[in-house]
Structure formats: structure tokens, C-alpha cells
Amino acid sequence: MTSMPIPMSEATATVWSRWFITASLRTTPRLSTSFRLQEQGVRFQTATDTEVIAQLIAQHLNGDLMSAVRKVLPLLKGTYGLAIVSPRDPDVIIGARLGSPLVLGIGQGENFLASDPSALAGHTNKVVYLHDHQVCILGRDEWTIQDLNPDRAPPSISIEDIDWDVGDADKGTFEHFMLKEIYEQPEALENAMRGRLSDTDASAHFGGLNLDTQALRGMDRMIITACGTSYHAGLVGEYLLEEIARIPVDVEYASEFRYRNRPIERNTLMLAITQSGETADTLAALRESKRKGHPTLALCNVVGSTIAREADGGVYLHAGPEIGVASTKAFTSQVMVLTMLALYLGRMRNLSSVQGLRIVEELRAMPAMIQRTLACDDAVRRIAEKYFQANNFLYLGRQYLFPVALEGALKLKEISYIHAEGYPAAEMKHGPIALVDEETPSVFLIPRGAVFEKVMSNLEEIKARGGPVIAIASENDEEVAQQVEDVIYMPEVPEYLQPLVAAIPLQLLAYHIALLRGCDVDRPRNLAKSVTVE
Ligand code: F6R
């Protein structure tokens, strides 16, 4: 070991933005290791725990990078997904994972390492998922995967084909991936439904549930765990599953669920919802559920992701790679799959074939409805021009549209950095209505439906306090239009399908506002596409 300062150029463990490499160490060992290194004269150039790894590798480096990495990895506590590059041999990348995802992409005359296969779209279709305690070495023309423990037999390797389209990796005619993905939603919903709806059974079918009809029929309750946008899809799922399948559902933030010791009844099915299939909290919640002996299902977009592999069964969204950090098409695809799941479970319980067939037909009409909703884009842009300088927004809806209000507020927050609150419209009077003033626009989700009159009276309460209102209303609804400053129309669809269409103008509103504020729409500050650390 040397006590001389070790320049970063000796070895670098890089944290790449968005999909690339993340490493997190538990705080105590990190601090004690970094103090020890500092006492030995190492000067840290960043405040990231990843640099501790780079400095440790540099300390152990004696010509052979791989043997230094092999010495350092057993010293680390916590989770990591590492890409290690030395300037002495820049054509070689060493990868290692423990707890954080790592995927190797096999190209021709080039190989890749990423934490999410979406990052490889447009480069290669052939991937190998690394497992914990494995290391890999990549050159331009060759790659190998080894066990960290040299005494163990070489791991068996399976190369998987990912089903990308050629156009997935570029923005095409769109200015941003987010806008492209918003416009891809009709197709994404078609893909989510393809081969899964049956007129004969008046139901839906899923290939990978891995639970027989008896087990599903015997299920008394469902707990959904997820984070962020996927959590909001889960909340829509709660309304759908309770109404259509008559199954009691609880939805929990995965980050809370994983450390909570809630009593869970027998015959409870655990459902994890995740676009990436790699979110650390959702993965931990899934593992905790399995440990407790509950059957687990996952709704994932990324094929072969850790959660997709570890759940007992699951359903893929088939939405194609989602590259913009703000989730759009994954949200509507998740809601679509949850609706089909509700139909499937409902047909085992309380739904007649006539009711089932009606749902099948209504689902099939949705891609066209979404296409029609996208025509609001120009109107939404004009509204964005009016309000983009506001500092606060409220998003309000009830029943099926309450989770959509939460999602609309999240979209605005994450890409435009404007403070926004999503609320059940009727809760406003219990406190948040104090926020209403002339500078605070409220986005009201108020299409025609069972609670229309109720939402209308909530809207009037906001108007009475001078708050400007942007209404998302049913086509040609003059009554709403007369009450509000601005209106965006959505086609009339059955109430349980309103989340799918109502989400579209909210995604577009966030997009246009963020653009007008000069924000980096596809790569908002402080955010990563896959949150693979706690
Ligand atoms: C918001 C967004 C995040 C994710 C969340 C969960 O637009 O993308 O809130 O929804 O990080 O990610 P997944 O679905 O990959 O588990």
C-alpha cells in the first residue's frame, strides 16, 4: 500500500448519468474507508462514495487491473454496479455487480456495459444479464464473465435477444424522446393488448402468470408495491381491481413497505409494478414478500430485468424502450395491463360474459381514443404559454382521476421544476384551498361521469377564491367551458378508462411548460431513469 496521494488517473470508477453505473455503499464503512484513505494521503476529488472504490482499486493496482478489482470487491459493503476503466488500457472495461443491475451488450467490433438494456437500443439486440458476485471483462472483440470467487466453476451464460425496433433508439422527427414516447402511446397500448384479449372467453389471457386458475380464484386480497409513476398506475389499479374484479387492494410505496412489518393475510397476492424492473425499493419489497411466502407477480417493461426474473410470474408491458426520464407510455401501458388483469380476475368471479365482452370491446377502442386525444397538443401548448411562469400548480381529480392528478403533478415537478400538488378535489377544503390565489392555476380533471356534479362544485370553490382553472373536460362540454379560463377536451370514454386518456394532456402540459422554461426535458436534473439505489 502506498501512502502517497493517488491521482484519479490511475483508475477510475465512473458514474455515468441516466442508465449507467451506480454504486452505493453503506455510510459507515464508506466514511471510515475514506477517512483511512485520507489519512494515508489520498486526496479525494469528488464527494461521491464511488470514488472510494476507485481510490481503493488504485491502491491495490500493481499492473493488473482485474486482480486489483478482485482484491477490492470483497472489501465493499452495500450494493454496486461498476464499470471500471483504466487510462492505461482504455479499450478494456471491467464490470462487477452486487445488488445493482448490470447488463452486457454484445456488438460487432464493440461491446457495451449498461445498468439498463434501454441504453443499448440502437446498438445491439444481444444482451447478457450479469448476476450478483460476477465480474466481466470487455474488449472490443471479446468478453468474458467470471465468478468473483475464482474457486467456483465458470458461470453458465445465456445470451438473450431483445426485441427492439430500429427506430427505438432515435427521436425520429420528434424534438425529444419524451414527446416521441407520448405520441407512441396508441401503439404501446396496441402492443400491451396484442394476443391477450379473447372474444370467445370475453376475457384477457396472460402467458406468464405462473399461477393456476385455482390459486388466482382463491386469492382474497392484493397488495401492490411500486414507486413514482408506477405507484400512481398502481393506485388506478386499485380502483380497477376493486370495481371490476371485486378484490380488495392496498397500494404501498415500495420504499415504505420494505421496512414495514405489516400483517399480511393469507391468500394475499403481491404485485410489483415497475417500468425498469430494476428499482431498488421495488425489488426489496418483492424479495421481502417472497421471504414471507406470498405469491408474487410483476408488471415490467424491461424484458429480463431483475424484478421480471425474480417474481413468481408476471406480465410484460411491451411498451418498447422508454428513454425519456419522465415516464409516459409506461404509465398508460401499466394502466392498460392492470385493466386487463382486472378483467381476467373479474371473469373468474363476478363478471358475466356479456360484461366481459363489453370491456374487451371498450379496451380495443382505446388506441384510437388516445390518438384522438393527442390532437389537443396545440391547445395544450397555447395554455402552457399562458401559465409557464407560475410558481405553483394544483392538480385535482376524484375517483379514477385522483391518481391521474398525482401523476400530472409529478410530471410537472420533475421536468419543469415547478412546485405542484396533486389532490383529491374534495380534500381541498380540508386545508390546501388556502394555497389558492390568482397566481396558482388549478388543473381540474372533470370529464362527465358519476362524480361530475361533485367535481363541479369543487371547481366552483376554487373559482370563488380567484384561482384560475384549466379544465380537462369531455368533448363539447360547454357547461365546463363557461366556468373556466381554459379547457382541454378529451374524448368520452367509460369512466374506468378515463385515466388512459386524461393522462395525455397532462403529459403534454408538463412537456410544453418545461420546454418554455428552458429545461432539459429528457434529462431533468437530479433524476435517473432507473433508481437502482435506496
Ligand atoms: C417519473 C418516473 C419515476 C419512476 C419511478 C419508478 O416519471 O419515471 O417516478 O416511475 O422511479 O420506476 P420504475 O417504474 O422503473 O420502477
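What you are looking at is a predicted structure, and each value in this text was computed from that prediction instead of being measured. Counting convention: from 1, in listed order, for ligands and their atoms alike.
- Atom CD1 of Ile418 is separated from atom CG of Leu412 by 4.5 Å, given to the nearest 0.5 angstrom.
- By the 3.5 Å distance cut-off applied to N or O atoms, Ser230 is counted among the residues near ligand 1.
- Short contacts between ligand 1 and Glu414, defined as distances under 4.0 Å to a heavy atom of the residue, involve ligand atoms 1 (C), 7 (O).
- Annotation: atom 15 (O) of ligand 1 to nearest protein heavy atom, Ser276 OG, 2.7 Å.
- For atom 11 (O) of ligand 1, the closest non-hydrogen atom of the protein is Val531 CG2, 3.9 Å.
- Between Glu288 and Arg291 there is a salt bridge, since at least one side-chain N of the basic residue sits less than 4.0 Å from a carboxylate O of the acidic one.
- Within the 4.5 Å cutoff, no side-chain heavy atoms of Tyr417 are placed close to those of Arg517.
- For ligand 1, the polar-atom distance check against Gln334 finds no nitrogen or oxygen pair separated by under 3.5 Å.
- Inspection of the His512 and Asp377 side chains reveals an N or O donor paired with an N or O acceptor under 3.5 Å.
- Between Glu187 and Lys329 there is no salt bridge, since no side-chain N of the basic residue sits under 4.0 Å from a carboxylate O of the acidic one.
- In this structure, Val302 has no heavy atom closer than 4.0 Å to ligand 1.
- Heavy-atom contacts of Ser327 reach the following atoms of ligand 1: 7 (O), 8 (O) (cutoff under 4.0 Å).
- Taking every non-hydrogen atom of Ala326 and a distance limit under 4.0 Å, the qualifying atoms of ligand 1 come out as 7 (O).
- Remark: minimum distance from atom 6 (C) of ligand 1 to any protein heavy atom is reached at Cys227 O, 3.3 Å.
- Atom 10 (O) of ligand 1 has Thr229 N, 3.1 Å as its closest protein atom, hydrogens excluded (heavy atom only).
- With respect to the salt-bridge test (charged N to carboxylate O, under 4.0 angstrom), the residues Asp378 and Arg381 qualify.
- Taking distance alone, with nitrogen or oxygen atoms compared against 3.5 Å, Thr279 approaches ligand 1 more closely than that limit.
- Each of the atoms 1 (C), 7 (O) of ligand 1 lies under 4.0 Å from some heavy atom of Lys411.
- No donor-acceptor pair under 3.5 Å is formed between the side chain of Lys529 and the backbone N or O of Ala119.
- With contacts defined as side-chain heavy-atom distances shorter than 4.5 Å, the pair Met369/Leu500 does not qualify.
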